Undergrad: 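One structure, as structure tokens, below. Some questions next.
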Amino acid sequence: MEVMASAPGKTILFGEHAVVYSQPAIAAAVSKRAIVHIKDTQSNKTILKSEDLGFEAELDTKNKKYILKKGKPGIIRYILEALHIAHNHNPIEITLSIDIPIGSGLGSSAAVTVATLAALYRYHNIYFTKKELAEIAHQVEFNVQGEASPLDTLISTYGGLIYLDRNKELHKINAHINAPFVVGVTSKYGSTSKMVKGVKLLKERFPKVMDPVIETIGDLTDEAKTAIEKGNINKIGELMNINHGLLDAIGVNTKELSRMVYIARGAGAIGSKITGAGGGGSIISLCPGKVDDVSNAIGVYDSTIKLTFSKKGVTSKLIGARNINNYGKNNRKNNPNSNYNNNNNPNNNNNNNNNKKYPTKYTNTNSKKSNFVNNNNSSASNSRNIEKRVNNVKSNNNNKSKIKNNNKDNKKFYQNQNAQPIKNNRKDYAR
Ligand code: PMV
């Protein structure tokens, strides 16, 4: 069997750092993605490879250890943590393709984490809502990094434009900024935890000065939300510039970031600011009609990436046929709706969330979990064990964001087909 899942990177448009103090933030998924393939292997080892990142490692998913065969570790820890939580530790082959630059503030670790988890759920045939997927992905980031806001994993899961409010509730912004933008990346790595600690220290030393700055970032983020909804591109640009000034005030700017911001504005960007933690990493410039000018100007000293926003969140699909020996022949014969007895089933290959394309088995309104797992005992208990482990992780997750629901029954697909997550939209399902 072979499955694949992909998830987008992100850029924070407004509110980084202030979001740590319960102010709102706006982030957007971008047109660069992490793609994870998982397939069965004849070998007795779990192998992780990435040509894009130039590494290969042998993983011990149970004990969270790895032997590096080639390249540098970095992102491996996120994949290993995801496998530790959501895999049964049988040998598999994992391949990562990624065009998001690592450590640039564009959400590479979140994209890799979300794509790995989604691929694992698909591989083990477990249905999860996007809400659940985002929560586990956030926990993976938290376990690896020691601290993390839920913003990156949320945006990587849902795609599009997201506003995280003061109660950490998530709202999709129903607007699309068509203008392309340019990201400038410094060669200096920006450490998120170091920068977050620096802001905390400054706040402790000058609370009367710093607290209003943080609140002002929150207020401008609210104004930006309205400007985005109204498609007022010039106002968005102005607010980006103000946000940059306030990020400078809280101590996360650097000479290199400043240089890129002012070069971008000089070359015609209507808005330009640090994106992410600062101290290195990236800036983002909104430059309708001036993409090449801005890109070339920044490119004299630093690297640039041209990006567009992406509405597409996480997706996953089954590529190679399931190994039918895994799924109880008798039940397959008796169950005309079984997904597993039909390798030519066109639904096997869909990666969109259109409910109509699901196998009948899953679209039965009265479908219960048992209907989903009964085809085979070993596969069923495997799925259940993994779910149990994932649920344990979820109950330990104290740092969750809430996803604004019109219906609180944001349940698993196979438990309640009538559950209507975000905006009554079945796209909330992780697959
Ligand atoms: O640099 P990034 O993309 O990891 O963004 C960090 C954003 C902060 O607000 C500074 C921290 C956070 O966890 O939200």
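Counting starts at 1 for both ligands and their atoms, following the listed order. If you're wondering where the values come from, they're calculated on a predicted model, not measured in any experiment. FYI, side chains are in, hydrogens and waters are out, and symmetry mates aren't considered; it's all heavy atoms of this structure.
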Undergrad: With respect to atom 7 (C) of ligand 1, which of Ile12, Thr11, Val199 exhibits the smallest heavy-atom separation?
TA: Ile12
Undergrad: Just jot down the ligand 1 atoms closer than 4.0 angstrom to any heavy atom of Gly105, in number order.
TA: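 Matching atoms, with element in brackets: 1 (O), 3 (O).
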Undergrad: Ignoring angles and geometry beyond distance, decide whether Glu16 reaches within less than 3.5 Å of ligand 1 through its nitrogen or oxygen atoms.
TA: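 Checking ligand 1 against Glu16, no N or O pair falls under 3.5 Å apart.
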Undergrad: Any side-chain donor paired with an acceptor under 3.5 Å for Glu58 and Thr46?
TA: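 The criterion, which ignores hydrogens and geometry beyond distance, is not satisfied for Thr46 and Glu58.
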Undergrad: Enumerate the atoms of ligand 1 whose separation from the nearest heavy atom of Val19 is less than 4.0 angstrom.
TA: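 Taking each heavy atom of Val19 in turn, ligand 1 has 9 (O), 14 (O) under 4.0 Å.
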Undergrad: With distance as the sole criterion, is a donor-acceptor pair present between the side chains of Tyr21 and Asp211 under 3.5 Å?
TA: no
Undergrad: Can a side-chain donor-acceptor contact be found between Ser22 and Arg166 if the only test is distance below 3.5 angstrom?
TA: no
Undergrad: Give the single entry among Gln23, His17, Lys10, Met195 that approaches atom 8 (C) of ligand 1 most closely by any heavy atom.
TA: His17
Undergrad: Between the side chains of Thr304 and Ser295, does any donor sit under 3.5 Å from an acceptor?
TA: yes
Undergrad: Would you say Glu132 and Thr129 are linked by a side-chain donor-acceptor pair, where the criterion is simply a distance under 3.5 Å?
TA: yes
Undergrad: Say whether Ala277, considering both its backbone and side-chain N or O atoms, lies within less than 3.5 Å of an N or O atom on ligand 1.
TA: yes
